[in-house]
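Structure first, then comments.
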Amino acid sequence: MRTCVLALLVCIADQAVKWYVRHTMEFGESIPVIPGVWHWTYIENHGAAFGILAHQQWFFLSVVVVLFGLFFFYRKRIPTEPRYFPAAVGLLLGGALGNAWDRFRLGAVVDYIDFRIWPIFNIADIAICLAVGMLLYYFWRRESV
């Protein structure tokens with residue numbers, strides 16, 4: 001249950017910020033928070049990370065459907081310990097859902113966090129990256145025991 005709540009919170013936070021960006025900024029506009037270091041920049045990404053596989057919305061949406069199908073099929077087998085494992089699953093699902101919602105509704109993912117030395121990203125991307133790191137750590141530690 002906590003996994004689903006976390007997924008929902010991540011998705012809501014992601015969508016709320018994306019809504020704010022879309023309704024207060026012009027496409028392509030960049031607002032410096034720390035000039036030259038951190039900007040809010042409104043873009044739309046038609047691909048995955050770094051724009052790869054651009055305009056393949058149905059492929060990405062299919063991946064999310066499979067991800068959620070696997071979650072619901074295996075949800076009773078998700079380990080509750082360590083506590084970060086179900087949190088990682090919730091972050092992954094929430095991030096995937098946030099970006100999938102954009103792809104379904106807009107045909108692209110809204111990105112806005114711009115550190116100038118890395119491609120522009122969003123809250124859903126952060127959640128997905130954290131989740132993958134946490135899951136890799138879990139499986140690495142599990143293998144070394």
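One-based numbering along the sequence shown.
In this structure, E26 places its CD atom where only 12 or fewer heavy-atom neighbours from other residues, nucleotides or ligands lie under 6.0 Å away. The environment of CZ in F115 is crowded: more than 12 heavy-atom neighbours from other residues, nucleotides or ligands sit within 6.0 Å. Residue W40 qualifies as enclosed at atom CH2: its count of foreign heavy atoms under 6.0 Å is above 12.
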Criterion side chain to side chain contact (heavy atoms under 4.5 Å, CB included) on I120 and H39, from CA distance to verdict: CA-CA 9 Å; I120 303 167; H39 293 228; over 6 Å; no

Residue pair V37, R116: steps toward the side chain to side chain contact (heavy atoms under 4.5 Å, CB included) verdict: CA-CA 6 Å; V37 177; R116 300 289 157 148; over 6 Å; no

Side chain to side chain contact (heavy atoms under 4.5 Å, CB included) assessment of Y112 paired with T41: CA-CA 5 Å; Y112 47 85; T41 303; over 6 Å; no

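Placement of I123 and I12 in two distinct hydrophobic clusters is found when ILVMFWY residues are connected by side-chain heavy-atom separations under 4.5 Å, directly or transitively. Tracing side-chain contacts under 4.5 Å through hydrophobic residues (I, L, V, M, F, W, Y), one reaches V33 starting from V17; they form part of the same cluster.
Scored by the side-chain hydrogen bond (donor to acceptor under 3.5 Å, both in side chains) test, R2 finds no partners at all (sequence neighbours excluded).
Judged by distance alone, the side chains of N45 and N122 never bring a donor and an acceptor atom under 3.5 Å apart.
Taking the six-membered ring where tryptophan is involved, the planes of F71 and F68 are perpendicular, since the angle between them exceeds 60° and thus also 30°.
Residue L91 is tested with L130, I128, V132 for a side chain to side chain contact (heavy atoms under 4.5 Å, CB included); the sole match is L130.
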